[in-house]
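Everything below concerns the one structure shown next.
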Amino acid sequence: MLAQKRMAEMAGIGVLGMGCRFPGGADTPEQLWHLLNERQVVTRQYQDGPPGVNGKPRWSPQAFAASCSVSQGAFLEDIASFDAQRFGISEQEATYLDPQQRLLLTCTLEALEHGGIEPSTLYGKNVGVFLGISASEYLYAALHKGAVEGDLSPYMGTGTALSASAGRIAMALGCKGPALTVDTACSSSLTALHLAVQSLRKGECDWAIVGAAHLLLSPLTFVVFEQAGMLSSCGACRPFDEAADGHVRGEGCGVVVLQRAQDALDEGHSLWGLIRASAVHQNGQRPDMSAVSGLSQHEVIKKALQQCQWHPHQVQYVEAQGTGSKLGGRIELESLAVAYQRTSPEGPSLYVGSAKANLGHLETASGMAGLIKTLFALRHGTIPPQANFSDPDPDIPWSEFSLEVARGGASWPATECRRAGISGFGFTGTNVHVLLEAPPQDAMPRDISSRMQNKNMSAYWPRNNYW
C-alpha cells in the first residue's frame with residue numbers, strides 16, 4: 001500500500017494540448033516556437049500608444065511624463081474580438097467581460113483541439129480548472145474618467161472578478177471538479193500548474209485545464225513600475241547580459257490540458273511532455289517585500305528534485321525567470337549552479353535561457369510561455385537561441401560554473417532522457433520550480449498547426465473604456 005501511494009505521488013502528468021495568444025503574432029504554440037527559433041524580439045516602442053480597439057490606441061503616451069515607459073512593451077494586436085455566440089454569452093455580457101476571461105475561454109478550446117479532444121466529451125466529467133490571474137484593469141479607464149450610475153452594468157461583477165475566470169471555463173465545458181484562480185504575481189502560472197498536478201495525483205480530478213492571462217490595460221501601472229526602477233531604460237529584456245537594466249512589460253495568454261500520463265496513453269492520446277515534479281517555496285525572512293532570495297530559489301529547486309528523486313545532473317536545461325534584472329540575474333544563476341551542482345567548470349553543461357528576451361515579461365502569464373517553449377524544446381531536442389545575449393554579465397562567475405546560454409541555439413545534450421526545469425518567481429517571494437521530461441518517442445504527437453475557427457467574431461468594448 002505504501003508503494004502504491006508513493007507511485008501515485010510520483011505519477012507522470014501528461015500534457016495533451018496547448019493554446020496561446022502571445023505578442024508578435026504567436027497565436028499557436030507552433031508559431032511561438034518559430035518566433036523563438038528565429039530569435040525574434042517583439043518588444044518595441046509604440047510612439048502613438050499600444051494597439052487598442054477600433055483603430056484607437058489604448059492611451060496616448062504624450063499624456064504622461066514617463067512617456068517612454070508607457071509606450072514600450074509587447075502587446076497583442078487584437079484584444080477586443082471574441083466569439084460570444086460560441087459560448088452562449090449575450091452581447092451585453094460580452095461587452096463587460098474582461099478580455100482576459102475571453103482569451104482564456106478561446107485558448108481553452110484551442111488547447112483541447114490541439115490535443116485532439118472534443119470539448120463535448122468533457123461534459124459532466126471530473127475536470128479541474130486552475131488559472132493564474134493577478135491584474136484587473138479592464139474598467140480602470142471608465143473609473144479614471146469618473147463613471148456614473150448610468151455607466152454601470154450588472155455584468156461588471158462577474159465580468160471582472162478574477163475568481164469568476166475559472167468558473168466560467170467550467171461552465172463552458174459543463175464539467176465537474178475543482179475550479180480556482182490563484183495570484184502569486186509572476187509565479188501564478190506555475191503555481192496553478194503545481195496545484196493541478198497535485199489534484200490529478202490525489203484523484204480530485206481526472207483532467208485539468210491550466211492557464212494564465214495577463215493584459216496591460218492601464219498606463220498607470222507602467223508609471224508605478226517605472227518609479228520603482230523595474231523597467232529597462234533601453235527598451236529591451238537582456239537576461240544575464242552585461243547590458244541588462246530591467247525588463248519590458250508584455251502580455252498574453254496560455255492554456256494547457258493535463259491528464260495522468262498512463263490514463264492518457266490508455267485512452268490513445270499523445271503526449272507533448274511529462275510533468276514529473278513541482279514545488280512551491282516562500283522565504284519570509286527578507287528585508288523587504290521585493291527582495292530576491294537566492295536561498296529560497298535554491299530550496300524550491302531542491303524540493304522539486306527530491307520529489308521525483310532525480311540527481312541534479314539529470315537535468316540539461318532550465319527555462320529561467322530571467323527578467324533582465326542585473327542583480328536578479330546574478331542571484332538566479334548562482335542559485336541554479338548550487339542547486340543543480342554546476343559549481344565546477346568540469347561538470348556537465350546546464351543550458352539556461354529565458355523567453356522574456358523575445359516576448360518581454362508577461363508577468364502573471366510568463367510561466368505559460370516558458371512552459372510551452374520548454375515542451376517544444378524537449379520534443380525537438382533543440383534549445384532555441386537566446387535573444388538579446390551578446391556580452392555575458394561579467395558580475396556572474398561564468399568560469400566557475402558549468403552553465404551555458406545557447407547564443408546560437410544548440411542541440412540537446414546527448415542523454416538517455418531529455419529533462420528540463422522551469423522557474424517562476426513572484427515579487428512577493430512565492431517561488432515555483434517545475435521539472436519536465438520528454439515523453440516516450442512513440443507517445444509524441446505529430447505537429448499540429450490548425451487553429452479553432454471563430455466564425456462570429458465581434459469587437460466588444462465599453463464606450464467609456466478609453467483613456
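Only heavy atoms go into these numbers, but all of them, side chains included; no hydrogens, no water, no symmetry mates. Since this is a predicted model, take the numbers as computed values, not measurements.
- Taking the ring centroids of H380 and W272, they lie at or beyond the 6.0 Å cut-off.
- Side-chain contact of N283 with S296: a donor-acceptor pair under 3.5 Å is absent, judged by distance alone.
- With no hydrogens or angles considered, no side-chain donor-acceptor pair links T184 and T430 at under 3.5 Å.
- Here the two rings, on F82 and F87, have centers that are under 6.0 Å apart.
- Each of K176, R201, K125, R260 was checked for a salt bridge (Lys or Arg N to Asp or Glu O under 4.0 Å) with D206, and the lone residue meeting it is R260.
- There is a side-chain donor-acceptor pair under 3.5 Å between E267 and Q259.
- At least one donor-acceptor pair closer than 3.5 Å links the side chain of N126 to the backbone N or O of E204.
- Checked by atom type, the side-chain pair H361/E251 shows no donor-acceptor distance below 3.5 Å.
- If you check the side chains of H194 and S278, you find a donor sitting under 3.5 Å from an acceptor.
- A cation-pi arrangement, defined by a distance under 6.0 Å to the six-membered ring centre and an angle within 45 degrees of its axis, is absent between R238 and F389.
- Judged purely by distance below 3.5 Å, without hydrogens or angles, the side chains of T160 and D98 never pair a donor atom with an acceptor atom.
- If you check the side chains of Q45 and Q72, you find a donor sitting under 3.5 Å from an acceptor.
- Below 30°, between 30° and 60°, or above 60°: for F222 and F75 the angle between ring planes is below 30°, a parallel geometry.
- Note: L378 CG to R418 CZ = 7.0 Å, rounded to the nearest 0.5 Å.
- To the nearest 0.5 Å, atoms CG (D183) and OG (S136) are separated by 11.0 Å.
- Just one of E226, E363, E137 meets the side-chain hydrogen bond (donor to acceptor under 3.5 Å, both in side chains) condition when paired with T221; it is E137.
- Between W461 and Y138, the distance separating the two ring centers is shorter than 6.0 angstrom.
- If you take CG on L274 and SG on C308, they are separated by 11.5 Å, rounding to the nearest 0.5 Å.
- When only modelled atom types and interatomic distance are considered, H433 and S423 share a side-chain donor-acceptor pair under 3.5 Å.
- Qualifying ring pair (Phe, Tyr, Trp, His ring centres under 6.0 Å) partners for H144, counting only residues two or more places apart in sequence or in other chains: W467.
- For the pair R463 and Y466, the cation does not sit on the ring face, since its NZ or CZ is not both under 6.0 Å from the ring centre and inside 45° of the axis.
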